[in-house]
Amino acid sequence: MGRINGAHATVNSVPIHYLYRSIPQAELVALYRSADLMLVTPLRDGMNLVAKEFVASRPDEDGILMLSEFAGAAEELREAVSVNPYDIDGVASIISNSLSLPEEERRARMRVLRSRVLTYDCYHWANSFIKALETAPGVTNQPVEAQSAHARMEAMHEKLSGSDRLLLLLDYDGTLVPLASSPQLAVPDPEVKKLLQALAARPGTAVHIVSGRPAPVLESWLGGMPIGLHAEHGFWSRPEPGSPWQRNSPDDSSWKEAILPVLEQFASWTPGSLIERKSAGLAWHYRMADPELGNAHARDLQNRIEGMLPGLSAEMVMGHKVVEVRARGIHKGMVVPSLAMAGEGNWTILAVGDDRSDEELFAALPPGSFAIHVGSGESRAGYRLPDPAAVRDFLSRLLEAEPREQPLLNSRG
């Protein structure tokens, strides 16, 4: 403060009046009322009440609130001018632009802010919290297990090992490899490649990767292996090595024009997040964002998109730290019928996956199939494993036992 005032003060004017002391409420409200702009730029905080005090003190419905996107209040006070406090030049530019906002826009922003602050006060929060407690269903302290009982897993493993026609439908991210902070960081390691190669060489075994990844990514990572690849949740398929990629559904991407600007807006609001563009979908990843900010913005984005979907030929899928919008009717279960009937059928099928998109794969499995959910959480799968390392171990053990040979039939069948 001294440096700035020393450089810019005159005999009659001091640029910054720095009050490092407690201020009586009446005087504080007077300062709030006289301010053209309130700058609240914490690098991180819980719930910034100063921002709400400023809004509550402006019955004239004028004044501008500039609020750090890392402030807890930013989730609620969306009509404030959002700034990134780490971007000093950007903050300076936004201060200049905000001071020149038309009166109509200033009042429109403040009117909405005041309505929200005065409506959702501490009494409203307390009453709604108590009401939620009173109406909540009974909650058990039993966590959802991430590991099925050893005996059940061994019994399933024995059936799979003894099958002479085994079809493996495997998700990639979070199933074969750990979830990565960025989509580009999940390149298959030599161990998983060796495992897939060995499984594909196992007699009577067909291996298919069913992933949300784009086709070019799967092709560059796994294209040289003797396995089937299915990209973008089944929109693209390459069932056999060397065969061309084929669409399993008409390509209707007209909805992207409406959704993409919304995703770009949330990406700009959420440092560390990014947009993954696919031929049949768009995905907003926020695994690298601040956890609290990312989760809050994901909820807001979900609500925003849900309001747009009725008029679009698209649907939304919530994954692990990702919000994805895809063409309606596209899901991993699309690939099951053709694969289950390939080569005279009669496959013993095992599907393994870790998120909601894999639930659609599990739902499409024919009776008698096996499904493994990776991690905790609700799932229709009958079996569970805790993490990708356990999945690799489970699949590796299939290589230890040779499938039983099918008995020969005599002329009378």
Side-chain angles (χ1 to χ4, degrees), residues 137-179 192 195-196 199-200 202 204-212 227-228 230 233-234 317-320 330-343 345-401 403-404:
V139 179
T140 67
N141 292 323
Q142 298 296 325
V144 178
E145 293 184 2
Q147 175 78 49
S148 293
H150 179 73
R152 292 189 67 241
M153 292 297 294
E154 288 302 306
M156 177 185 63
H157 197 280
E158 184 178 352
K159 292 180 181 179
L160 297 174
S161 299
S163 174
D164 62 318
R165 289 178 60 81
L166 179 60
L167 174 60
L168 301 177
L169 306 178
L170 308 175
D171 174 46
Y172 183 77
D173 294 278
T175 299
L176 290 175
V177 298
L179 293 170
V192 76
L195 173 61
L196 293 174
L199 288 170
R202 181 180 183 272
T205 303
V207 180
H208 292 261
I209 302 297
V210 189
S211 171
I227 59 177
H230 308 270
H233 305 293
V317 180
M318 301 294 292
H320 289 307
I330 303 298
H331 58 84
K332 290 185 177 181
M334 296 172 58
V335 306
V336 173
S338 60
L339 296 180
M341 296 302 296
N346 297 324
W347 295 97
T348 300
I349 303 177
L350 170 65
V352 190
D354 73 309
D355 65 17
R356 288 179 57 180
S357 65
D358 298 302
E359 295 300 309
E360 297 163 326
L361 175 65
F362 299 156
L365 296 176
S369 301
F370 299 94
I372 299 177
H373 176 77
V374 184
S376 58
E378 298 295 330
S379 175
R380 66 173 68 241
Y383 301 85
R384 293 179 181 274
L385 287 171
D387 50 42
V391 173
R392 294 189 188 190
D393 178 68
F394 182 88
L395 295 175
S396 297
R397 291 173 54 219
L398 292 175
L399 302 171
E400 299 172 1
R404 292 190 297 264

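Bear in mind that the values here come from a model prediction, so they are computed numbers and not experimental data. Starting from 1, each residue takes its place in the sequence as its number. Heavy-atom basis, side chains included; hydrogens, waters and symmetry copies ignored.
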Checklist line | Student check: side-chain heavy atoms of Pro178 and Asp387 closer than 4.5 Å | finding: no
Note to self: Applying side chain to side chain donor-acceptor pair (under 3.5 Å), can you list everything that pairs with Ser369, at least two apart in sequence or on another chain?
What the structure shows: none
Next item on the list: Verify side chain to side chain contact (heavy atoms under 4.5 Å, CB included) between Asp355 and Thr175, making sure each step is shown before the conclusion.
Entry: CA-CA 9 Å; Asp355 65 17; Thr175 299; over 6 Å; no
Item checked: Listed partners of His157 passing side chain to side chain donor-acceptor pair (under 3.5 Å), at least two apart -> Ser161
Next item on the list: Any chance you could measure Leu166, atom CG, to Leu199, atom CG, to the nearest 0.5 Å?
Entry: 8.5 Å
Checklist line | Given Ile227, Ile372, Val207, Val391, the one that forms side-chain contact (heavy atoms from CB on, under 4.5 Å) with Leu170 | finding: Val207
Item checked: Atom pair CD/CD1 of Glu360 and Ile330 - distance to nearest 0.5 Å -> 10.5 Å
Checklist line | Results of side chain to side chain donor-acceptor pair (under 3.5 Å) for His233 - residues two or more places apart only | finding: Glu324
Check: What's the spacing between Asp173 CG and Ser211 OG if we round to 0.5 Å?
Finding: 5.5 Å
Next item on the list: With sequence neighbours left out, write down each residue that passes side chain to side chain contact (heavy atoms under 4.5 Å, CB included) with Arg380, or none if nothing qualifies.
Entry: Glu359, Phe362, Ala363
N/O donor-acceptor pairs under 3.5 Å from side chains in residues 345-352, not counting sequence neighbours:
{"unit_1": "Trp347", "atom_1": "NE1", "unit_2": "Ala342", "atom_2": "O", "d": "2.8"}
{"unit_1": "Thr348", "atom_1": "OG1", "unit_2": "Ser163", "atom_2": "OG", "d": "2.9"}

Note to self: Strictly distance-based, threshold 3.5 Å: is any side-chain N or O of Asp358 a donor or acceptor partner for the main-chain N or O of Leu361?
What the structure shows: no
Margin query: Is it the case that the side chain of His150 and the backbone of Met153 share a donor-acceptor pair, with hydrogens and angles ignored and the cut-off at 3.5 Å?
Written below: no
Next item on the list: Would you give the length of the straight line joining atom CG of Asp354 to atom CZ of Arg384, rounded to the nearest 0.5 angstrom?
Entry: 12.0 Å
Next item on the list: Decide yes or no on side chain to side chain contact (heavy atoms under 4.5 Å, CB included) for Ile209 and Leu196, but give the supporting numbers first.
Entry: CA-CA 10 Å; Ile209 302 297; Leu196 293 174; 4.2 Å; yes
Next item on the list: Decide yes or no on side chain to side chain contact (heavy atoms under 4.5 Å, CB included) for Arg397 and Glu400, but give the supporting numbers first.
Entry: CA-CA 5 Å; Arg397 291 173 54 219; Glu400 299 172 1; 3.8 Å; yes
Notebook entry, point to check: Is the side chain of His208 donor-acceptor paired with the backbone N or O of Leu339 at a distance under 3.5 Å, no angle test?
Noted result: no
Next item on the list: Report the residues that fulfil salt bridge (charged side-chain N to carboxylate O under 4.0 Å, His left out) with Asp171, sequence neighbours left out, ordered by chain and then residue number.
Entry: Lys332
Notebook entry, point to check: Minimum heavy-atom separation for Pro388 to Val374, with atom names?
Noted result: N-CG1, 4.1 Å
Checklist line | Value rounded to 0.5 Å, distance of CG in Leu160 from CG in Leu167 | finding: 11.0 Å
